[in-house]
Each structure stands twice: as C-alpha cells, then as structure tokens.
A.B. asks: 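Below is one structure. I have some questions about it.
First listed ligand is number 1; within each ligand, the first listed atom is number 1.
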Amino acid sequence: MSSAKIETIERFILENQPQSAQGDFTHLLYDIALAAKLIAHKMKRAGLGEILGQAGNVNVQGEEQQKLDIYADELLFQLNDHTGRLCALASEEREEMMEIPRPYQKGTYVLVYDPLDGSSNIDVNVSIGTIFGIYRYVDWETRGSLKDVLQRPRDLVAAGYILYGSSTMFVYSTGDGVHGFTLEPDVGEFLLSHPHMRFPSPPVYYSTNESYYEEWTPEAQEFYHWLQGRDAARDREYRPRLSSRYIGSLVADFHRNLLRGGIFMYPAEKSKPDGKIRLLYEAGPLAYLAEQAGGYASDGAKPIMDIKPTDLHQRVPCYIGNRSLVEKAELFLRGE
Ligand code: P6P
C-alpha cells in the first residue's frame, strides 16, 4: 500500500481553506464538487442516447432529454440558488446574470461558470470541462448586481475546473497553490492525486488552431513561427523544442499544458479582434490558476488577471501557460 495519505477533496478544502473564508465558502466548493460528480455520471452515458432507444426528447428513464450543457447549467444553478451562499451567478449558457430568487436569502459570494466548455466535443468523445470562479460580493446596496459579477480575475477568491476525460479530475485553487483531485467513481469521492501543481520547465507543447493563421496579425504569425522553431531571422536565441497539441477543448488543452508545460493561444483575428475565449468564466479563472501554478496569462499586451470585464460574455485574446512562453508572446506582439 502506498505511503501517500488518502485525502478527500472535502477534507482538503476544510483543512486548507483561506483564513478569511467562512463556512459558506467551504460549502460552496463542496456543492461544486457535487455538481462535478453528477455531471460526470451523466457524461458517461452521453453517447448512449440512440442505443437506449430514446424516443424523441424523452429518454429511456422517462426523463426529459436535455442537452448536457443545459443539464450542467441547470444543475449548477439549482445546487446554489437556495443555499444562501451566493448573491449572483453568471453562466456561459445564460444571456443575463442570475439573481438569487426570493424568498431565498442572499449570500456573500458570486459564482461565474462555463458549465460545459467544448460541449460540441461530446459527440466525438473528446474530453470537455466545467470552469468556475468565485468572487466575494462588492455591491452592498443590492441583492446582487452586475457590479458583483464584473470583477477582475485578480479579485477572485477561488477558481477551478473539472475535466471529464479518461478520468474525472477536479482542479482548483483558493490562492494557496493549485491542487488536483481524481474521482474514484466506485466510491464517489474526489481523492487528492496532484498536490501543488505547477507548470514544469522546459515546456513541451504549444496549442493553437493554426487554421486561422491567415487571420492573425503579422506579430502573432511571427510568434507562431518562433514556437515552431522556424528560423526567425532576428531571433536566434535558444527556444524550447515544442510539439503541437490542440484538441479544441480549452480545459483539456490547459490541463495537459499544466501537467507537461506549454502554452495555449487563441490570438485576436481580423474578424474577431477580441479572439474567441470568454474573459469572465473561461480566461479569467484559468488565468488565476495559471498564476497560482507559476505560469501567466496575457491578452498579448497585459495580464488577463487585471482586465475588468465590461460585459458578461466579453471575449479576450488569450495566451496562457508557462510564463517564459507567454512573456515571449508579449514581446513578439509588441513588435520587439
Ligand atoms: P476553435 C470550445 O468551443 C472552445 O470554447 C474552447 O473549449 C476551445 O479551446 C475553443 O473553443 C476551440 O475553438 O475555433 O479552435 O474550434
């Protein structure tokens, strides 16, 4: 038997919660871990719809057939709307922010989330993920407002993701490092498997959808050439030998790069000057994790952590991973 101690996520959260956290914070993380288990359970059967003979939109259990991302979104809301821990929620699946319905009590935290990022990959059995961030409320005047939601990633008190892959992993930080837990499905517990995760060096991968190359700025194209190790006349200094890995699922690409070292980039494009990745519930929480893991996240010019959202669904160009690679991207994008 290994000497490593068995640590469940519940016990780890309790033993490592920030001093400033009250019980609500701890239970909020528990609730997200519960949502993760329920989504993972549902995910395993995602491809069985046809085989189980679902008639129309009613499946073999007689449940209303729901798209998985709608299911995940509803679940995260329903687990949190009545607990008195939150004052507002914002989801990739919902146009507007969600207030806590009366008569439920308003809480002091805000939950922002992408319930199932990359859900188009479900049909092809590629790993997908849930991304979340937790803020403290800032608007003392109301029961929850956009002011509480539209905060800089730097002001997050916690962030994390769940990766539904060959195994289900829960990775999060409350500001004291990044820690990964793997679901033991037979027991239904997330067990500590990756304590103190940090981007290893030298990095091994770069992740980008190079089919958009012609849409990128010349500076982004030059950085891409550097990543590929192509001869950039003005820059012969040492560069790491990198392999290209991109599966079109942000959480999976980010997670692999966190474990092996690398950079994910989704640059600005002529037709999409803010790129594709959403600031509030994708780039922001992952930027928080990246910095907690010794990495860095930039929009190409400045830290994503310092960008105050002006809109719930605002997009941002995204370079995230090993600090050395992201800072190099900034250098190229400044034209230096
Ligand atoms: P593209 C999924 O739709 C997503 O938001 C991220 O998970 C992923 O990194 C990106 O879009 C993929 O975008 O344009 O390469 O298909």
Side-chain angles (χ1 to χ4, degrees), residues 36 39-40 43 46 67-73 76 90-95 112-133 153 159-166 168-169 171 205-217 220-221 223-224 227-228 243-260 262-290 295 297-300 304 309 311-321 325-326 329:
I39 295 167
M43 187 81 63
K67 283 177 61 181
L68 262 176
D69 42 10
I70 303 298
Y71 167 79
D73 175 63
L76 279 158
S91 166
E92 192 262 353
E93 292 292 336
R94 309 225 192 174
E95 199 50 43
V112 298
Y113 60 95
D114 184 350
L116 221 46
D117 177 73
S119 52
S120 58
N121 289 304
I122 295 174
D123 303 343
V124 293
N125 211 7
V126 164
S127 303
I128 56 178
T130 298
I131 308 170
F132 69 90
Y161 59 82
I162 298 97
L163 177 61
Y164 310 99
S166 46
T168 299
M169 277 200 72
V171 178
Y205 296 122
Y206 69 86
S207 310
T208 192
N209 186 336
E210 87 287 341
S211 69
Y212 301 131
Y213 175 84
E214 294 304 330
E215 287 293 307
W216 297 341
T217 62
Q221 291 173 341
F223 175 59
Y224 176 63
L227 287 172
Q228 288 181 311
S243 291
S244 171
R245 285 285 188 287
Y246 186 78
I247 64 170
S249 189
L250 174 57
V251 172
D253 280 320
F254 179 87
H255 183 74
R256 182 201 52 248
N257 291 348
L258 175 55
L259 288 177
R260 296 287 182 267
I263 183 171
F264 169 95
M265 71 175 202
Y266 207 108
E269 297 168 18
K270 293 165 195 158
S271 58
K272 291 191 268 184
D274 293 329
K276 176 179 184 182
I277 306 302
R278 307 297 178 98
L279 172 59
L280 185 64
Y281 39 74
E282 291 174 344
L286 293 182
Y288 178 91
L289 290 174
S298 170
D299 67 354
I304 285 178
D311 175 85
L312 285 182
H313 304 291
Q314 167 177 345
R315 299 174 192 271
V316 65
C318 185
Y319 298 79
I320 188 167
L325 294 178
V326 179

A.B. asks: Are any of the N or O atoms of Asp253 closer than 3.5 Å to those of ligand 1?
C.D. replies: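 Min N/O separation from ligand 1 is not below 3.5 Å for Asp253.
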A.B. asks: Provide, to 0.1 Å, the distance between atom 12 (C) of ligand 1 and the closest protein heavy atom, together with that atom's residue and name.
C.D. replies: Tyr246 OH, 3.2 Å
A.B. asks: Among all protein heavy atoms, pick out the one at the shortest distance from atom 5 (O) of ligand 1; state its residue, atom name and that distance to 0.1 Å.
C.D. replies: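 Checking every protein heavy atom, the shortest distance to atom 5 (O) of ligand 1 gives Asp117 OD1, 3.4 Å.
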A.B. asks: Where does the angle between the aromatic ring planes of Tyr206 and Tyr224 fall among parallel (under 30°), tilted (30 to 60°) and perpendicular (over 60°)?
C.D. replies: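 Tyr206 and Tyr224: perpendicular rings.
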A.B. asks: Who's the nearest protein heavy-atom neighbour of atom 9 (O) of ligand 1, and how far?
C.D. replies: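 Result: Leu250 N, 3.4 Å.
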A.B. asks: With no hydrogens and no angle check, do the side chains of Tyr164 and Thr130 hold a donor and an acceptor under 3.5 Å apart?
C.D. replies: yes
A.B. asks: Suppose I only count heavy atoms of Tyr212 and a 4.0 Å limit; which atoms of ligand 1 are within that range?
C.D. replies: 1 (P), 14 (O)
A.B. asks: Under 3.5 Å, is there a donor on one side chain and an acceptor on the other for Tyr281 and Asp117?
C.D. replies: no
A.B. asks: Checking the N or O distance criterion of under 3.5 Å, is ligand 1 in contact with Lys272?
C.D. replies: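 Among all N and O atoms of Lys272, none is under 3.5 Å from an N or O of ligand 1.
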A.B. asks: Any cation-pi pair here, Lys272 with Tyr266, using under 6.0 Å and within 45°?
C.D. replies: no
A.B. asks: Among all protein heavy atoms, pick the one closest to atom 2 (C) of ligand 1 and tell me residue, atom and distance.
C.D. replies: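 The answer is Gly118 CA, 3.7 Å.
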A.B. asks: Is Phe264 in polar range of ligand 1, meaning some N or O pair under 3.5 Å apart?
C.D. replies: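 No, no N or O pair falls under 3.5 Å.
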A.B. asks: Passes salt bridge (charged side-chain N to carboxylate O under 4.0 Å, His left out), Asp114 versus Arg278? Steps please.
C.D. replies: CA-CA 9 Å; Asp114 184 350; Arg278 307 297 178 98; over 6 Å; no
A.B. asks: Drop me the distance from Leu250's CG to Ile128's CD1, to the nearest 0.5 angstrom.
C.D. replies: 12.5 Å
A.B. asks: Whether Arg260 engages the ring of Tyr205 as a cation-pi pair (distance to the six-membered ring centre under 6.0 angstrom, angle to the ring normal within 45°) should be assessed.
C.D. replies: no
A.B. asks: Which protein non-hydrogen atom lies closest to atom 13 (O) of ligand 1, naming both residue and atom, and how far is it?
C.D. replies: Lys276 NZ, 3.0 Å
A.B. asks: In ligand 1, which numbered atoms sit nearer than 4.0 Å to a non-hydrogen atom of Asn209?
C.D. replies: 1 (P), 15 (O)
A.B. asks: Would you compute the distance between atom CD of Glu282 and atom CD1 of Ile320 and round it to the nearest 0.5 angstrom?
C.D. replies: 11.0 Å
A.B. asks: Which atoms of ligand 1 sit under 4.0 Å from any heavy atom of Ser249?
C.D. replies: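 So the atoms of ligand 1 that pass are 7 (O).
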